[in-house]
Protein chains: 2
Amino acid sequence: MSTSESDYLQHYNIHNYDTPLCTVDMCIFSVLNDSVNVLLVKRSEHPERGKWALPGGFVHPEKDQTLDDTAYRKLFEKTGVASPYLEQVGTFGNNSRDPRGWSLTIAYFALINSSDITLSANESSERAQWVPIHELNDYCPMAFDHLTLFTHCYERLKNKVQYTSLPINLLQEEFTLSELQQLFEILLNKHLDRKAFRRRFLDADIIEETGNMRASHTRPAKLYRAKQLGAEHYFLRSIEGPRS
Amino acid sequence: MSTSESDYLQHYNIHNYDTPLCTVDMCIFSVLNDSVNVLLVKRSEHPERGKWALPGGFVHPEKDQTLDDTAYRKLFEKTGVASPYLEQVGTFGNNSRDPRGWSLTIAYFALINSSDITLSANESSERAQWVPIHELNDYCPMAFDHLTLFTHCYERLKNKVQYTSLPINLLQEEFTLSELQQLFEILLNKHLDRKAFRRRFLDADIIEETGNMRASHTRPAKLYRAKQLGAEHYFLRSIEGPRS
DNA sequence: AAGGTGAAGTGTCTTTGAGCCACTTTCTTA
DNA sequence: TAAGAAAGTGGCTCAAAGACACTTCACCTT
């Protein structure tokens with residue numbers, strides 16, 4: 001016996017089926033005094049109360065039209081930042097990561113520059129805190145499998161540093177080439193040659209001079225901006241780093 | 001008033017919350033007579049009955065321990081293939097892609113070589129069929145947003161061709177360098193130089209001679225195999241293609 | 001049996017973009 | 001006004017890509 005599609009839909013009830021928990025977790029990176037930081041919150045509710053976690057929460061079918069909406073909502077609730085670089089890293093689902101049952105989380109990473117952040121502990125009352133990634137050990141064990149999520153996001157970031165211009169989004173709109181190079185050196189954890197680094201970015205035609213200069217106690221440096229905000233350029237060759 | 005975590009869990013019931021539908025969809029690629037094919041099924045059930053779709057289905061909390069289990073299960077049900085190259089591409093969720101409600105799907109792509117496939121129309125009675133990429137138009141409109149899922153998967157595949165050895169997994173265990181080059185040319189849709197291509201793969205030390213030869217009506221070609229099955233090598237430089 | 005055909009496989013030059021490193025420039029501060 | 005130090009440049013080497021002609025090898029034709 002065959003029914004029509006509208007008939008079928010009328011009798012469909014999602015609550016008749018066993019279905020996973022769906023959450024979104026955010027790995028929000030920023031650079032603060034020469035090191036890469038990630039935003040963590042201390043959980044104020046069960047489960048895993050008291051442990052540090054990546055900010056995140058349930059996909060909310062009424063609030064969010066799309067999955068990216070969920071991610072942007074979470075990001076905004078925690079940082080007040082409206083439009084950063086946001087990228088989906090992967091989805092992690094199994095029956096053991098959450099004591100409430102079969103659970104699935106979509107991990108995103110965001111890059112924001114520290115200048116436009118206002119950490120809001122207001123919205124959800126959880127305490128948010130920037131943690132330099134080399135101090136992450138002090139915040140373990142983390143809630144759920146959030147250390148794994150973090151690791152995947154951080155690996156993705158480090159990989160992309162090798163062959164894209166992505167980290168530009170971690171700096172403020174105006175930046176010097178030396179600042180950009182320092183950032184890459186922090187992310188790659190290796191020293192880069194100044195000439196090669198400048199050539200790479202200038203030849204790629206993805207940044208332009210703003211006309212302004214950054215003053216300092218030595219020679220002032222030209223300021224640049226990305227030609228396209230939020231864009232990422234794929235270089236044909238990876239950064240290799242020192243040969244010796 | 002504070003409760004313990006076990007108290008909290010005892011009273012937790014997922015069916016009290018509004019939650020998305022969770023599915024996994026597979027973009028299964030293979031090479032058949034010199035073109036890239038993707039496996040489609042004709043839907044035999046509501047919704048979208050009669051339309052072509054990527055094989056997939058609900059995440060099944062009882063059957064599957066992990067999300068990857070779901071993907072492998074679906075792949076095996078459709079193709080009988082046990083361990084191919086499998087990669088998660090992305091998760092797509094919104095309130096409009098499925099008429100049953102807020103729905104979320106995790107898209108995977110798989111690369112399998114056509115030799116060890118036995119298309120099973122048995123398990124789930126849907127008809128499965130290989131469709132050459134360039135004929136995909138004839139199978140549109142596809143069910144749900146599956147054309148979008150396909151496009152993302154295919155783009156990912158084409159991108160990876162530029163800087164990884166991934167497509168090796170689309171060929172049979174033994175292959176000639178010319179066959180591999182042909183495959184790359186199909187995927188990139190450009191002509192590649194023979195010498196440069198051979199150098200790239202031989203210098204990378206990721207394939208080895210099997211000792212056998214592929215006979216033909218001209219000079220026989222050496223057969224190679226991947227040193228590590230299912231591995232993908234990241235080259236430092238991308239394939240550029242013709243200069244002129 | 002001998003020469004033609006055509007894909008497999010090689011030799012070697014050019015080009016591109018990376019690393020290296022010394023040199024020059026331009027500002028502040030002593 | 002000289003010293004110091006970071007910004008910025010010139011010009012080399014090196015690795016790996018593209019170009020392209022040349023050689024090799026088996027089959028096929030006559």
Side-chain angles (χ1 to χ4, degrees), chain A residues 34 161-165 171 174-186 188-225 233-244, chain B residues 34 161-165 171 174-186 188-225 233-244:
Chain A
D34 292 342
V161 173
Q162 314 246 135
Y163 57 89
T164 78
S165 63
L171 296 176
E174 282 194 321
F175 55 87
T176 70
L177 280 174
S178 296
E179 289 163 0
L180 189 61
Q181 182 175 343
Q182 260 187 58
L183 172 59
F184 272 74
E185 289 175 335
I186 290 166
L188 289 168
N189 194 32
K190 42 178 123 160
H191 170 264
L192 301 177
D193 179 73
R194 195 152 19 101
K195 182 65 193 298
F197 186 83
R198 301 171 72 81
R199 206 176 25 206
R200 185 173 167 92
F201 277 87
L202 292 173
D203 288 358
D205 195 37
I206 52 175
I207 58 174
E208 59 190 3
E209 300 182 14
T210 65
N212 304 325
M213 305 289 278
R214 168 94 74 229
S216 74
H217 66 106
T218 67
R219 178 175 175 173
K222 284 184 182 169
L223 284 164
Y224 293 85
R225 75 165 74 84
H233 175 79
Y234 284 77
F235 295 99
L236 281 180
R237 294 177 61 167
S238 292
I239 289 182
E240 292 168 30
R243 282 202 169 127
S244 51
Chain B
D34 292 342
V161 174
Q162 315 247 133
Y163 57 91
T164 77
S165 63
L171 295 177
E174 282 194 321
F175 54 87
T176 70
L177 279 173
S178 294
E179 288 164 1
L180 189 61
Q181 182 175 343
Q182 262 187 56
L183 172 58
F184 272 71
E185 288 175 336
I186 291 169
L188 289 168
N189 194 31
K190 41 177 122 160
H191 169 263
L192 301 178
D193 179 75
R194 193 153 19 101
K195 183 65 195 296
F197 187 83
R198 301 172 71 80
R199 208 175 25 204
R200 186 174 168 91
F201 278 86
L202 292 173
D203 289 358
D205 196 36
I206 52 174
I207 57 176
E208 59 190 3
E209 299 182 15
T210 65
N212 302 325
M213 306 288 279
R214 169 93 74 230
S216 75
H217 66 105
T218 66
R219 177 176 177 172
K222 283 184 184 169
L223 284 164
Y224 293 84
R225 75 165 74 83
H233 175 81
Y234 283 78
F235 295 99
L236 279 179
R237 294 177 62 164
S238 291
I239 289 182
E240 294 168 29
R243 284 204 168 127
S244 51

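The chains referred to below are lettered A, B, ... by the order of the sequence lines, with proteins before strands, and numbering in each begins at 1. Since this is a predicted model, take the numbers as computed values, not measurements. All heavy atoms count here, side chains included; hydrogens, waters and symmetry mates do not.
Contacts between chain B and DNA chain C, taken as any atom within less than 4.0 angstrom of a protein heavy atom, begin and end at C:dG6 to C:dT16.
The side-chain contact (heavy atoms from CB on, under 4.5 Å) test applied to A:T164 returns A:K160, A:L166, A:E232, A:Y234, not counting sequence neighbours. Residues forming a side-chain contact (heavy atoms from CB on, under 4.5 Å) with A:T210 (at least two apart in sequence, or on another chain): A:E174, A:N212, A:L223, A:R225. Remark: B:R194 pairs with no residue by the salt bridge (Lys or Arg N to Asp or Glu O under 4.0 Å) rule, at least two apart or across chains. Scanning for ring-ring contact (aromatic ring centres under 6.0 Å, His included) contacts around B:F197 gives B:F184, B:F201, with sequence neighbours left out. Partners of B:L183 under the side-chain contact (heavy atoms from CB on, under 4.5 Å) rule, at least two apart in sequence or in another chain, are B:V31, B:P167, B:L170, B:L171, B:L187. In this structure, the side-chain contact (heavy atoms from CB on, under 4.5 Å) partners of A:L188, at least two apart in sequence or on a different chain, are A:V161, A:Q162, A:K190, A:L192, A:I239.
Put simply, CZ on B:R214 is 16 Å from C1' on D:dA26, counting in whole angstrom units.
Of the inter-residue distances, the one linking B:L177 atom CG with B:L202 atom CG reads 5.5 Å to the nearest 0.5 angstrom.
At distances below 3.5 Å, at least one donor-acceptor pair connects side-chain atoms of B:S216 with backbone N or O atoms of B:T218.
Nucleic acid contact for A:R199: base, since at least one base atom lies under 4.0 Å from a heavy atom of the residue.
In this structure, A:E179 and A:F175 approach most closely via the heavy-atom pair OE1-CA, 3.3 Å.
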For this session: Treat primed atoms plus P, OP1 and OP2 as sugar-phosphate and everything else as base, then score nucleotides 2-10 of chain D 5' to 3': B for base contact with protein heavy atoms under 4.0 Å, S for sugar-phosphate contact only, - for none.
Result: ---BBBBBB
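Applying the salt bridge (charged side-chain N to carboxylate O under 4.0 Å, His left out) rule to pairs touching residues 195-205 of chain A yields A:D205-A:K227, sequence neighbours excluded.
In the region residues 233-244 of chain B, proximity to DNA chain C at under 4.0 angstrom, judged on heavy atoms, holds for B:R237, B:R243.
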